[in-house]
Amino acid sequence: MTEERLRRWRLLLGPSAEDVSELGEDDQRRDGALTGLYGGGGDRGAGLGASSPQLHRWLGDVRKYFPTSVVQVMQRDAVEKLGLKQLLLEPELLQSVEPDVNLVSTLLQLSRAIPARTRDTAKAVVRKVVEDIEKRLTDRLVEAVRGAVDRSRRTRRPQLQDVDWATTIKANLKNYQPQHKTVIVEDLIGHRRRSRTAAMRDVILLVDQSGSMAESLVHAAVLGSALASIRSVSTKLVVFDTEVADLTDQLSDPVDLLFSAQLGGGTDINRAVAYAQTQVRRPTDTVLVIISDLYEGGSESELQRRVRELVASGVTVVNLLALSDSGTPAYDHELAAKLHALGAPAFACTPDKFPELLAAALRKDDLTQWAEAEGIATGGR
């Protein structure tokens, strides 16, 4: 009991009381989060920049090491003490900031603290970043997905209006008759006719909305919105922490979708996958993409059982440890390896690679081989 009291006094007094008690690794992170906000003697004090990586680390530590009620108080204090209040209260200042994914992640994590008069400006900043991502990725994603789905529906008995003439001629060049200067067509190649509204593939994006996955959530919202515009694919986007929220009906506006997410909290992947199971209508035509660092706060054994069932039923399950450009992510290596062994490969993916990844999944290519060809290390190693 004495040691516990000394530990608490040490955390309360800060680094100036280092001789009171020696802190473990987790307590050192707690102490750093408290010192960054409230100071702690010596030269150390409040000084987190508005969109610096230091602020992102601080927000992550606060959520990890303190209960929700304390997190809310510390975020409000951060807005007051660390210069964030000026950024969030002054639309003119926020407009002058160069928008990037890091800033968007920060705004989303602090969205509840943004006052009403600045909220429209904050949304405008987020929208600019969203539009930049759309310009970079939407056309590539649409082209890759349509190509993958159409190729999987090729037929050699198409109706005349469904013939792919370029492919047909190429396939029959061996039958070229020089004396007649013509190609004898033996095989017509085209696409199976479908109804205008019938989707041929189902894609479920299951996105972890814990603070560490903020950048991945931004990209997932934009890519999910682009997928929703493709008639041949039925897209669902579901976010989760310890609760599950289906945001599919907001895919038409990724900015509103992002502000509907509630970054932070715990992680119950098993609960999210349980919900995804209820949304599977056609297992062999479904791709389930789990975007998470796999730090499971729920039942790991139940999660593995559900993934095993999904894979056995014919669902293509992919675990993306990150969907970002921020380098090698931190993730649960042991769980990633277990899911990989169940037939649900796990690897990080940059947004630029996602169109090709999804196309490969829709074609039912071997995703481990695809990752190897792209020089991407899987979580199974």
Side-chain angles (χ1 to χ4, degrees), residues 199 201-210 212-213 216-217 220-221 223-224 227 233-249 251 261-323 329-349 354 357-358 360-368 370-371 378-381:
R201 293 288 188 274
D202 296 333
V203 176
I204 303 173
L205 301 178
L206 202 58
V207 189
D208 186 340
Q209 63 175 352
S210 59
S212 61
M213 300 298 294
S216 295
L217 176 60
L223 292 164
L227 281 172
V233 176
S234 172
T235 304
K236 289 185 177 295
L237 188 143
V238 180
V239 299
F240 67 92
D241 41 40
T242 53
E243 301 295 330
V244 178
D246 191 329
L247 302 183
T248 301
D249 61 351
L251 280 171
Q262 299 181 9
L263 288 163
T267 307
D268 192 337
I269 309 172
N270 173 58
R271 186 170 187 174
V273 173
Y275 175 79
Q277 277 186 298
T278 69
Q279 303 301 301
V280 175
R281 302 173 300 160
R282 307 173 296 175
T284 57
D285 290 329
T286 299
V287 176
L288 171 61
V289 182
I290 304 171
I291 304 174
S292 174
D293 52 18
L294 299 181
Y295 287 113
E296 172 65 308
S299 173
E300 186 175 309
S301 60
E302 282 294 294
L303 171 62
Q304 292 179 63
R305 178 183 66 78
R306 293 185 190 284
V307 170
R308 185 183 298 110
E309 290 174 354
L310 285 164
V311 172
S313 71
V315 175
T316 299
V317 182
V318 187
N319 294 285
L320 291 190
L321 307 168
L323 183 57
Y331 65 94
D332 187 323
H333 291 252
E334 185 176 348
L335 182 54
K338 289 177 180 177
L339 296 179
H340 183 91
L342 294 175
F347 40 79
C349 178
F354 184 79
L357 164 66
L358 186 57
L362 290 167
R363 292 193 302 266
K364 292 189 174 295
D365 294 350
D366 185 316
L367 295 182
T368 299
W370 176 87
T378 66
R381 295 180 176 178

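- With sequence neighbours left out, the side-chain hydrogen bond (donor to acceptor under 3.5 Å, both in side chains) criterion links R308 to no other residue.
- Nearest heavy-atom pair, L310 versus Q277, reported as atom, atom and distance to 0.1 Å: CD2-CG, 3.7 Å.
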**Request:** Show the numbers, then the answer: is there a side-chain contact (heavy atoms from CB on, under 4.5 Å) between F354 and L223?
**Result:** CA-CA 9 Å; F354 184 79; L223 292 164; 3.7 Å; yes

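- Between A276 and L206 the shortest heavy-atom distance is CB-CD2, 4.2 Å.
- Rounding to the nearest 0.5 Å gives a distance of 6.0 Å between OH of Y275 and NZ of K236.
- Nearest heavy atoms, L323 versus S216: N-OG, 2.9 Å.
- Between the CG atom in L251 and the CG atom in L227 there is a gap of 8.5 Å [rounded to 0.5 Å].
- The main-chain N or O of Y331 is found under 3.5 Å from a side-chain atom of Y295 such that the two form a donor-acceptor pair.
- Separating the CG atom in N270 from the OG atom in S301 is a distance of 8.0 Å, to the nearest 0.5 Å.
- Among all heavy-atom pairs drawn from L367 and P345, the shortest one is CB-CG, 3.9 Å.
- Judged purely by atom type and a 3.5 angstrom limit, T248 uses its side chain to pair as donor or acceptor with the backbone of L237.
- Screening residues 333-344 for salt bridge (Lys or Arg N to Asp or Glu O under 4.0 Å), with sequence neighbours left out, gives E300-K338, E334-K338.
- Under the side-chain hydrogen bond (donor to acceptor under 3.5 Å, both in side chains) criterion, T316 pairs with K364, not counting sequence neighbours.
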**Derivation of the side-chain contact (heavy atoms from CB on, under 4.5 Å) call for E243 and D241** = CA-CA 5 Å; E243 301 295 330; D241 41 40; 3.8 Å; yes

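- Side-chain contact check for V311 versus L342: every heavy-atom pair is 4.5 Å or farther apart.
- Across A220 and L205, no two heavy atoms sit closer than the pair O-CD1, 4.1 Å.
- Side chain of N319 to backbone of A344: a donor-acceptor contact under 3.5 angstrom is found.
- Taken from SG in C349 to CG in L358, the straight-line distance is 9.5 Å, to the nearest 0.5 Å.
- Distance alone, capped at 3.5 Å, places no donor-acceptor pair between the Q209 side chain and the L217 backbone.
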**Message:** Checking V280 against D202 for the side-chain contact (heavy atoms from CB on, under 4.5 Å) test, could you report, in this order, the C-alpha distance in whole Å, the side-chain angles of both residues, the deciding distance, and whether it holds?
**Reply:** CA-CA 8 Å; V280 175; D202 296 333; over 6 Å; no

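- Atom CG in L320 sits 8.5 Å away from atom CE in M213 (nearest 0.5 Å).
- Note: T368 OG1 to H340 NE2 = 4.0 Å, rounded to the nearest 0.5 Å.
- Salt bridge R306/E309: absent, no basic N to carboxylate O contact under 4.0 Å.
- Here the shortest heavy-atom pairing between T267 and F240 reads CG2-CE1, 3.9 Å.
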